[in-house]
Each structure stands twice: as C-alpha cells, then as structure tokens.
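This is the structure I want to talk about, given as structure tokens.
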Amino acid sequence: MEVKNFSEYADYRKLKWVMNLSLPNDFLDDIFLETLTLKDPNFEEENIIIAEEDGTWIGFVFGVERKIAPPDEVQKHKDIMWIKAFGVLNRYASTNILEKLLREFEDMAKEEGKKFIRVSDYASWYLTPGVDNLYDYYNYMLVNNGYNRVGAVVNYEIDMARFYIPSYVERLKKKSFSEYNIVFENVTDVDQTILKWIKENFSSYWRTEAEIAMKNAFGGVVVAKRDGEILGFSTYGSLHPSWFGPVGVSKESRGMGIGTLLLYETLLELRTNGQRVVIIPWTKHLFYYAQLPGVSRIRYFNIYQKELER
Ligand SMILES: CC(C)(COP(=O)(O)OP(=O)(O)OC[C@H]1O[C@@H](n2cnc3c(N)ncnc32)[C@H](O)[C@@H]1OP(=O)(O)O)[C@@H](O)C(=O)NCCC(=O)NCCS
C-alpha cells in the first residue's frame, strides 16, 4: 500500500469511486462531488490523501481548511483542519490502512500549523455533518485514536412518494394570509436584501448557502413576508438538488406556524423539481421535521475533535 497525495493525480472519477464504495450509506454523484471540491472556495487538492494498492484507490482522507470563505469566519477557524469525509474499502477494514492514512493526515495538519482536527462539522460545502453512527468501524477507529465525541446531529430523509400537504397546513396557510397578511415568495435569482437579512438574523454560513441556492438552476429560497417585511426564509437545492435548508424565522415571529408553512412550501418546490428523496441535513430539531409525511429515515452523526500534540 502506498500513501499518495490527491494533487499528484487529481483524478476526480477515482475519488468518487473510492468515496462511494467506502461510504455505503452515502451517495455521491457528480453534482455533489463538484460541491465538495471545485465549488468549495476553501478546497485544495493537497488536503486529500489516498491509499493506493496495485493502482486501485482503496482508502482516502478528505481534508479542508477554511482559508477563504465565508471571509468573516476564516480567522476564527485558523487552528482547525477538518476531515470532510474518510474511509476505506470494506475488505481493508480489518487492516491498519485507515489508521496509517489518518496519521499521515494528522502530520500534514501539524505541518500546516493546525491545533485541532474536526470531523465533520464543516459548513457549508459538506457531505455529512459528522460520522454516521452506523459506520461502526470508523467511529471506533476515531475514538481509539484520540478523537473526542463533541456533539451529535441528525439528517432526515423524506420519501417524496409519500409526501403530501396535510389539511392542517392548508388551513394554517389560509389563516396566516387572511389574519396576518403573510405571503410566500419563491426567489430563484440572487437577491441581496434577502441575503443580508439571512446574515443579520442567522449567520454567514446560512447566507452563503442561500446564495448558492439562488445561483443554482435547481435551487432557490422561499421567503415569508408581511407587508414587504421579511419574517423567514427556507432554502432548497443549495449543495445538491435534493437538499433542503437552511431554514429560519425571525425570533419575534416564531411559534406562529410560519416555519411549518416554509417547510411545506419548500418541500413542494423540491417535489415539483422531481426529487425522489429529500435530505434535510444537520439538525437537532425533532417535532418540526417529524411532522412531515414521508419521513423514511433519520441518520445519526457523531462530531469529533482531536487536539494535536505539539
Ligand atoms: C425552526 C424554526 C424555523 C421553526 O419556525 P417556527 O415559525 O417557530 O415554527 P412553527 O411555529 O411552524 O412550529 C413550532 C413548533 O410546533 C411544531 N408542530 C408540530 N406539529 C405541528 C402542527 N400540526 N401544527 C403546528 N405546529 C406543529 C413544529 O414542528 C415546531 O416544533 P419545534 O418545537 O421543534 O420548534 C424556528 O424556530 C427558527 O428559525 N429557529 C432557529 C433556526 C433553526 O434552528 N433552523 C432550523 C435549522 S435545522
């Protein structure tokens, strides 16, 4: 087995191959691969290392450091190297190949002056927000190598063949309009007023993801408004055509059903864009998403951090 740097080859087809086969619960198509690589302003080919045997790529560690975007978050994250994803082909799981790759990666991060490695809460060009709890071997291996579990989040998956708009949502929509004058707009072109609102009310990351969605042919942002004033937003098609979110309602307007209406309006956009399965990534909310008909799966992710020894 040889450890190689991805930048020597830059073979994106081979990278897609080894990632898909090493991560059986994840499905990485060309659009997603582009989001994780060339579309990520922080992406550098040098931060991916590959294990190769007889010309076949059998394992990988895909790293990233926040050097460029969003600009106001760069300084805060200067000590961190993230692992976006990592893995090894199943038949090599009983070998020490992945541990070897991980050590090489840690050495590389130290050389870059990093103090921490995190897996994988890297917003915004991410595959998953942590390590799937079902990847037993990967979780075990990280813990065994000094990684501390620092958080957990879930992804919801919605089977759109079972999706419909329940009648309570129809009633809520009528009432919101007739009593509060709340309307919903689907915005598919870049709109700086909305982006500014998202940044001020939420974060630079969410602003970034909303902007990506507005630029994508398959994406957009649904906005809730009352008399021209923005009350909330909900995004679809930011990192992938099947992705929902982020979503947010201004603090003063929460608990009135606006979030529920944004959720359904946006899911309808995804349905009418022909999405078979919708992914709602990186959340801790239970009831808000559990109300959707068609929830078919909840994936559980562990987030890890390791402090690098000097
Ligand atoms: C999450 C958020 C968008 C919800 O917006 P909201 O306008 O307050 O939502 P609603 O008033 O429609 O719903 C309130 C709650 O009643 C729940 N609910 C469940 N069934 C319901 C029903 N039949 N009718 C009404 N509400 C129902 C909603 O799911 C939600 O649950 P929660 O306790 O998990 O929040 C809002 O709280 C927010 O902006 N939070 C901060 C940003 C955030 O966390 N975004 C999500 C990131 S994944």
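Start at 1 and go down the list; that is how both ligands and their atoms are numbered.
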Those residues that, when tested against Pro24, pass side-chain contact (heavy atoms from CB on, under 4.5 Å) (two or more places apart):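 By the side-chain contact (heavy atoms from CB on, under 4.5 Å) rule, Pro24 matches Tyr135.
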- prompt: Do the ring planes of Tyr205 and His77 sit parallel (below 30°), tilted (30 to 60°) or perpendicular (above 60°)?
  reply: parallel
task: Quick one: name the residues clustered hydrophobically with Tyr164, using the 4.5 Å side-chain heavy-atom rule over I, L, V, M, F, W, Y, and just say none if it's on its own.
output: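 Members besides Tyr164: none; it forms no cluster.
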message: Under a 4.0 Å threshold between the charged nitrogen and the carboxylate oxygen, would Glu211 count as salt-bridged to Lys215?
response: yes
Distances under 3.5 Å, N/O of ligand 1 against N/O of the protein: list each pair and its distance.
from	atom 1	to	atom 2	distance (Å)
ligand 1	7 (O)	Gly259	N	2.7
ligand 1	8 (O)	Gly255	N	2.7
ligand 1	11 (O)	Gly255	N	3.3
ligand 1	11 (O)	Met256	N	3.2
ligand 1	11 (O)	Gly257	N	2.7
ligand 1	12 (O)	Thr260	N	2.8
ligand 1	12 (O)	Thr260	OG1	2.5
ligand 1	29 (O)	Phe287	O	3.1
ligand 1	29 (O)	Tyr288	N	3.1
ligand 1	29 (O)	Gln291	NE2	3.0
ligand 1	34 (O)	Tyr288	N	3.3
ligand 1	39 (O)	Val249	N	2.8
ligand 1	39 (O)	Val249	O	3.4
ligand 1	39 (O)	Arg254	NE	3.3
ligand 1	44 (O)	His285	NE2	2.8
ligand 1	45 (N)	Val247	O	2.9

- prompt: For residues 277-286, which residue pairs qualify under side-chain hydrogen bond (donor to acceptor under 3.5 Å, both in side chains), counting only residues two or more places apart or in two chains?
  reply: none
- prompt: Can the ring centres of Phe105 and Phe86 be said to be less than 6.0 Å apart?
  reply: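 That pair fails the under 6.0 Å test.
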